Amino acid sequence: MNILLIGGGGREHAVAEGIKKSKHNPTLYALMSKKNPGIAALCEDFLLEKETEVEKIVEYAKARGIEMAFVGPEAPLAAGVADALWDAGIPVVGPKKACAVIEFDKAWARNFMKKYGIEGCPAYEVFTEEAPAHAFIEKLGDVAVKPSGLTGGKGVKVMGDQLPDLKAAKEYTSELLEKGPVVIEERFIGEEFTLQAFVDGKNLAYFPAVQDHKRAFEGDLGPNTGGMGSYTDSGEILPFMLPEDVEKAKNIMQHTVTALREETGTGYQGILYGQFILTSGGPKVVEFNARFGDPEAMNVIPLIETDFVDIMSAVAKESLGNLPVKFSRKATVCKYAVPAGYPDNPEKDSEVVVGDIGKASVYYASVYEKEGKIYTTNSRAVAVVGCADTIEAAEKIAQNALENIHGKLFFRKDIGTASLIQKRIDHMKELRG
């Protein structure tokens, strides 16, 4: 089977690895904006092209006899790549534009949740003008401020965190309003977690819960990033969660998929990513994404025991309910090595040398290859994943690997450590009372 993977980041490297492990021995092709050495090594052929060039993607897929496609990032989904490939007779894992809007238009997503009574929606309003937006900030008193469109995981700012007070919240809102609509919503207090699922339009196959770490520096300090690392436990939930927390999150995601079909007339076929925050009142929805998380994909894809291509086929044929999707009962810790100065002033075009990474897996992200050497761009460079029976053992595997990746790079040592996880547990105990 000829399969096309669209995207060239760490998330897509993990997807490529999952596809290549299939017993069906698929022939993999890729379309990516720059050459990811990890993906290129797994491919029969690849095309370097903007991932939103819909016509060129379809042309390439037809020329290579592609029988199924997987869309990794959000931008091509927003551009309608899935629609165009389906129209060309090529099944796709990745939702059509009518459903992917749940990620690329945050105002639409909140209004959709409200319309269908989907649980976990905050008090919110959508604004295009400064005066009413500022008045609503005053009314709520403690807010999150979100640009409505795509921001690469870095556009949301919350009070008590990136915004020290009401004045800062108003100033940031004014800045965003110059570019488009802004969503102002109540700030939830709790611990964030991610729940991801394969979706075939009606059935969902859920991955274990993951916790990402957005802040650049240890101790959850510094600016927001695309994600510095993440971890899973050896079961379905994280150490600070209760079983009923994940069941409530699953119900929210199932309701969302059912409502999306009703609203759009289109089945959601692909990956649904629920970003939740666990509060004293249970899980609330921070946002939905229409694809795997990055880094969260690197945690969960290696755990899949069911054949990846069989899952892709079931998603495309709406037969996921007939396929038991199973996962290894292992813990994982993913950590990113990023360019010095990231995210504000990253060191570009600096060589990265990957040494002995031991038992870890390595995933190349925003790097490029030139004359056999690997160089940084302006974003996250290389992720490593440790997988073991416990979080503690997985963290040691990941940390050992990072110590053997050389270049003008830095990383967070604290992700997956007992002390940081205990802080999460203590926080939730305090909130639950």
Side-chain angles (χ1 to χ4, degrees), residues 11 14 18 119-120 190-200 202-213 227 229-257 270-279 281-286 288-289 291-308 310-311 314-315 320-334 361 385-395 397-398 415-416 418 420-422 424-425 427-429 431-432:
R11 164 183 50 218
E119 283 189 56
E191 284 295 331
E192 290 196 19
F193 70 93
T194 303
L195 188 61
Q196 301 168 106
F198 285 112
V199 187
D200 71 355
K202 52 185 184 294
N203 301 293
L204 291 86
Y206 300 96
F207 289 87
V210 191
Q211 188 174 53
D212 182 22
H213 299 69
S230 43
Y231 68 96
T232 65
D233 208 344
S234 54
E236 196 177 29
I237 63 173
L238 295 163
F240 58 83
M241 296 173 71
L242 301 173
E244 55 262 39
D245 299 328
V246 79
E247 289 309 314
K248 286 178 183 174
K250 285 180 180 180
N251 290 339
I252 289 169
M253 288 177 69
Q254 178 68 69
H255 188 181
T256 299
V257 168
I271 309 298
L272 182 62
Y273 168 116
Q275 184 71 49
F276 294 93
I277 184 163
L278 184 54
T279 70
K284 309 292 183 182
V285 178
V286 176
F288 289 111
N289 291 328
R291 37 73 191 178
F292 275 124
D294 183 343
E296 296 99 327
M298 280 93 88
N299 293 91
V300 297
I301 291 174
L303 298 176
I304 301 171
E305 291 183 345
T306 308
D307 190 283
F308 200 92
D310 284 344
I311 299 171
V315 167
L320 198 55
N322 301 325
L323 181 71
V325 179
K326 295 180 180 175
F327 301 94
S328 305
R329 293 186 67 83
K330 297 277 189 183
T332 65
V333 173
C334 175
S361 299
V385 177
C387 183
D389 291 332
T390 64
I391 298 172
E392 181 184 17
E395 188 276 330
I397 292 168
I415 294 169
L420 194 59
I421 291 169
Q422 190 58 50
R424 312 292 200 233
I425 295 168
H427 188 210
M428 279 317 303
K429 278 184 181 171
L431 288 176
R432 292 186 204 266

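These figures come from a predicted structure and were not determined experimentally.
Among residues at least two apart or in separate chains, salt bridge (Lys or Arg N to Asp or Glu O under 4.0 Å) pairs with a member in residues 238-254 are Glu236-Lys250, Asp245-Arg432, Glu247-Lys250.
For Glu119, the CD atom sits in a loose shell: 12 or fewer heavy atoms of surrounding residues, nucleotides or ligands are nearer than 6.0 Å. Atom CD of Glu392 has 12 or fewer neighbouring heavy atoms from other residues, nucleotides or ligands inside a 6.0 Å radius.
By the salt bridge (charged side-chain N to carboxylate O under 4.0 Å, His left out) test, Asp307 pairs with Lys23, sequence neighbours left out. Remark: Phe193 pairs with Phe276 by the ring-ring contact (aromatic ring centres under 6.0 Å, His included) rule, at least two apart or across chains. For Asn289, there are no side chain to side chain donor-acceptor pair (under 3.5 Å) partners, not counting sequence neighbours. Take Asp294 and apply the side chain to side chain donor-acceptor pair (under 3.5 Å) test, not counting sequence neighbours, and it matches Tyr336. His255 meets the side chain to side chain donor-acceptor pair (under 3.5 Å) test with no other residue; sequence neighbours excluded.
With contacts defined as side-chain heavy-atom distances shorter than 4.5 Å, the pair Leu431/Lys429 does not qualify. Residues Leu204 and Phe198 are not in side-chain contact: their nearest non-hydrogen atoms beyond the backbone lie 4.5 Å or more apart. The shortest side-chain heavy-atom distance between Leu303 and Pro208 falls under the 4.5 Å cut-off. Looking only at side-chain heavy atoms (C-beta outward), Leu320 and Ile311 come within less than 4.5 Å of each other. Taking the side chain as every heavy atom from C-beta outward, Phe207 and Leu195 never approach each other to under 4.5 Å. In this structure, the side chains of Glu395 and Ile415 stay at 4.5 Å or more apart for every pair of heavy atoms. Residues Val257 and Leu272 form a side-chain contact, since some pair of their non-hydrogen atoms from C-beta on lies under 4.5 Å apart. The closest side-chain heavy-atom distance from Tyr206 to Met253 is below 4.5 Å.
Distance check, rounded to the nearest 0.5 Å: CD1 of Ile391 to CD1 of Ile421 gives 4.0 Å. The OG1 atom of Thr232 sits 12.5 Å away from the CD1 atom of Ile237 when rounded to the nearest 0.5 Å.
Side chain of Ser230 to main chain of Val210: no donor-acceptor pair is present (N/O by atom type, distance under 3.5 Å, no hydrogens or angles). Ser328 places no side-chain N or O within donor-acceptor distance of the main-chain N or O of Lys330, the cut-off being under 3.5 Å. The backbone N or O of Phe292 sits less than 3.5 Å from a side-chain atom of Arg11, completing a donor-acceptor pair.
Here the closest non-hydrogen pair linking Pro283 and Ala249 is CG-N, 4.1 Å. Listed here is the closest heavy atom pair of Gly227 and Asp212: CA-OD1, 3.6 Å. Annotation for Leu238 and Asp233: closest pair CD2-N, 4.1 Å, computed over non-hydrogen atoms. Residues Val315 and Gly270 share a closest heavy-atom pair of CG1-N, 3.6 Å. Of all heavy-atom pairs between Lys326 and Thr306, the closest is N-OG1, 2.8 Å. Considering all non-hydrogen atoms of both residues, Ala394 and Ala388 come closest at N-CB, 3.6 Å.
Counted by atom type alone, Gln211 and Glu191 present one or more donor-acceptor pairs between their side chains at under 3.5 Å. Side-chain atoms of Gln196 and Glu296 form no donor-acceptor pair, as typed in the model, at a separation below 3.5 Å.
In this pair, His213 and Tyr231 present their aromatic rings tilted. The plane angle is within the 30 to 60° band.
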